[in-house]
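Shown next, in structure tokens, is the structure this report addresses.
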Amino acid sequence: MDYKTKSINGKIIKAFTIIMLLTIVSIKIFVAMTFENRFRKYVDDSNKAELEHLIFDLKSVYKYNSWDIETIKVLGEDAIRKGIALEIYDENKKIVWSIFEDEKALSNETLNEIRKNMQSIDNTWNNQFNEYEITVYDDNGNVAGYSYIGHYESTYYMKNDMEFFRGMNKVIIIIAIISIGSIIIISFIISKSISNPISKVSKMAKDIERGNYKDSIDYKSNIDEVDELINSINKLGYELSDQENLRKRLTTDIAHELRTPLTSIKGHLDLIIAGIWEPSKERLISINEEVSRITNLVEGLRNLAKFDSEKNKLEKEKINIKELITNIAYNYEVKALEKNIKIDYDLEDIYIYIDKKQFSQVIINLLSNAIKYTNSNGNIKIKSYIEDYSVNISIKDNGIGIPKKDINYIFERFYRVDESRSKETGGIGVGLTISKSIVALHGGDIIVNSEIDKGAEFIIKLPIKKVTTN
Ligand code: ADP
């Protein structure tokens, strides 16, 4: 398909030109239908009234058996100024008085001017002349003669009618020019107010396409939809920039995390191959620990990828929180026992609609952190209870705790309190990020209370409306 694109400016100006033409045509039709027609009718009526007056006045032009030439002259001159020609004949059809003889110049000039004026405003105007014969009677009722009255058949305007008509047309033309001017100015302002921000958005989109996410559009239009578009593109830019930073950090972190154990493994193996070190059990155990660190790292990345791809698919079912937690915790007791950590339970029978698989991951993450970050002979307490319109699940340990400066960041991706801690524990800083996101998907939140060297308490809070106790 041959498809031509056009700029917004072009489109808006084209649309407004069409509106403008339609406006002109409608003004023209409106004027013709209302003003011109009414004015024509008004002129026709007043011309008719003049004619009737004249006919009435002509009754008194023959008195005492003679023609009153003075009156005829006054009536005739007055009539020609209103576009009516008058001639008087006696009963033998002999001319008594004629405007064409007595006022030849005035009559020609007047009739020519009417014709010229009318043809200038209507070139279809017909200059046919209508003539009427009116019998004039003497005082005894006998025929004294005839008056002939003539005027143009089509509507005709006299000088002052013409002035009024032209004046009105001028006003209409001025109104049309003002409307057209306003339409042009408004269309220009509207097209600019739409196209300016859109071209900024499109430039920003191109920048984003080229990988430059940093800039944002600092522009406030007075159109809601355009502002929304600007906000969205700014947000898109920020998010892509965030993603880009995250991706860079992730690559660096992974490279770093992999390099450390791999360097250590390679170092061990090089020395063993060179025969400097014996492949003793201790050496192999050390290599195995490094391999375990790599395995942990890969497992963490796998969980993150899995969560990212599944985060929009919650499959909720009615779950007994007490059963879910005890089942998970029993599996982790072995790990706790290795460090001689005691786990206490204080769980209520609470039923809640949650995605069992994803929610289990949250409990596993918090519980394994509690075990990881609690020293030997420590203590962990898991509690579930309803409070403040939410179901709360608390996992509290008396471990190493979290420094104040780090508390606000521990839920961020790849954030670890310090390198040395996680080196020992093998964490990569994604467990809490995933946990918080899963709880957020359920409409809840995780809060944390902690003091360094005293321990940490993570509380999962879920809104109460989905809770039942049976
Ligand atoms: P990691 O895989 O490193 O454990 P997390 O996202 O689970 O990542 O935790 C982020 C950081 O929060 C950890 O590196 C750790 O320093 C701190 N942290 C998490 N849980 C606890 C806890 N129970 N006690 C002390 N510190 C904790």
Side-chain angles (χ1 to χ4, degrees), residues 246 249-250 252-258 260-261 289-290 292-308 311 325 328-329 332-333 335-336 338-345 358-383 392-441 445-461:
L246 205 69
R249 234 177 64 202
L250 177 61
T252 330
D253 282 358
I254 295 172
H256 178 80
E257 292 303 321
L258 285 174
T260 319
E289 273 170 9
E290 297 297 342
S292 295
R293 279 185 61 195
I294 298 175
T295 314
N296 275 343
L297 177 77
V298 172
E299 186 61 20
L301 288 173
R302 202 181 65 96
N303 281 341
L304 186 65
K306 205 166 135 225
F307 171 72
D308 277 339
K311 67 178 164 194
I325 295 176
I328 295 169
Y332 277 79
E333 272 189 349
K335 264 195 173 172
E338 282 170 9
K339 289 171 84 177
N340 200 24
I341 293 170
K342 191 168 167 282
I343 304 180
D344 290 326
Y345 303 94
Q358 300 219 34
F359 206 80
S360 302
Q361 188 62 49
V362 178
I363 308 286
I364 291 169
N365 288 348
L366 296 183
L367 185 57
S368 59
N369 273 353
I371 299 171
K372 260 196 282 185
Y373 300 109
T374 299
N375 296 325
S376 300
N377 308 319
N379 202 352
I380 294 172
K381 182 161 186 181
I382 309 176
K383 199 176 158 189
N392 292 359
I393 301 160
S394 148
I395 298 176
K396 186 175 178 182
D397 63 64
N398 62 353
I400 58 174
I402 304 159
K404 261 204 167 53
K405 66 171 177 53
D406 295 296
I407 274 199
N408 288 336
Y409 305 106
I410 54 170
F411 291 101
E412 284 184 13
R413 274 184 188 204
F414 304 113
Y415 193 87
R416 286 158 310 177
V417 169
D418 68 56
E419 295 277 319
S420 58
R421 286 191 187 201
S422 41
K423 198 171 232 169
E424 286 162 27
T425 56
I428 63 159
V430 296
L432 288 181
T433 319
I434 296 176
S435 304
K436 191 159 177 123
S437 305
I438 292 174
V439 175
L441 286 178
D445 196 9
I446 302 182
I447 57 166
V448 55
N449 304 311
S450 178
E451 226 177 289
I452 191 86
D453 292 333
K454 292 228 167 110
E457 180 185 19
F458 286 81
I459 308 171
I460 304 167
K461 284 181 165 286

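Remember, it's 1-based here, ligands and their atoms both numbered in the order they're listed.
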Side-chain heavy atoms of [X] within contact of [Y], under 4.5 Å:
| X | Y | answer |
| --- | --- | --- |
| Ile460 | Asp445 | no |
| Ile371 | Asp397 | no |
| Val362 | Ile446 | yes |

For ligand 1, which atoms sit closer than 4.0 Å to a heavy atom of [X]?
| X | value |
| --- | --- |
| Leu432 | 5 (P), 6 (O), 7 (O), 9 (O), 10 (C), 12 (O), 19 (C) |
| Ile410 | 10 (C), 12 (O) |
| Phe458 | 20 (N), 21 (C), 22 (C), 23 (N) |
| Ile402 | 25 (C), 26 (N), 27 (C) |

> Do Ser394 side-chain atoms and Ile459 backbone N/O form a donor-acceptor pair below 3.5 Å?
Replying inline: no

> Where the side chain of Asn375 meets the backbone of Gly399, is there a donor-acceptor pair that is under 3.5 Å apart?
Replying inline: no

> Taking Leu432 as the fixed residue, which of Val448, Asn369, Asn365 is the one that meets the side-chain contact (heavy atoms from CB on, under 4.5 Å) rule?
Replying inline: Asn369

>> Test your reading of the structure: does Gly431 have an N or O sitting under 3.5 Å from an N or O of ligand 1?
In response: yes

> Taking N or O atoms only and a 3.5 Å limit, does Thr433 qualify as a polar contact for ligand 1?
Replying inline: no

Do any heavy atoms of [X] fall under 4.0 Å from ligand 1?
| X | answer |
| --- | --- |
| Gly399 | no |
| Val430 | yes |
| Phe411 | no |

>> I'd like to know if the side chain of Asn340 pairs up with that of Asn377 as donor and acceptor (distance under 3.5 Å, no hydrogens or angles considered).
In response: yes

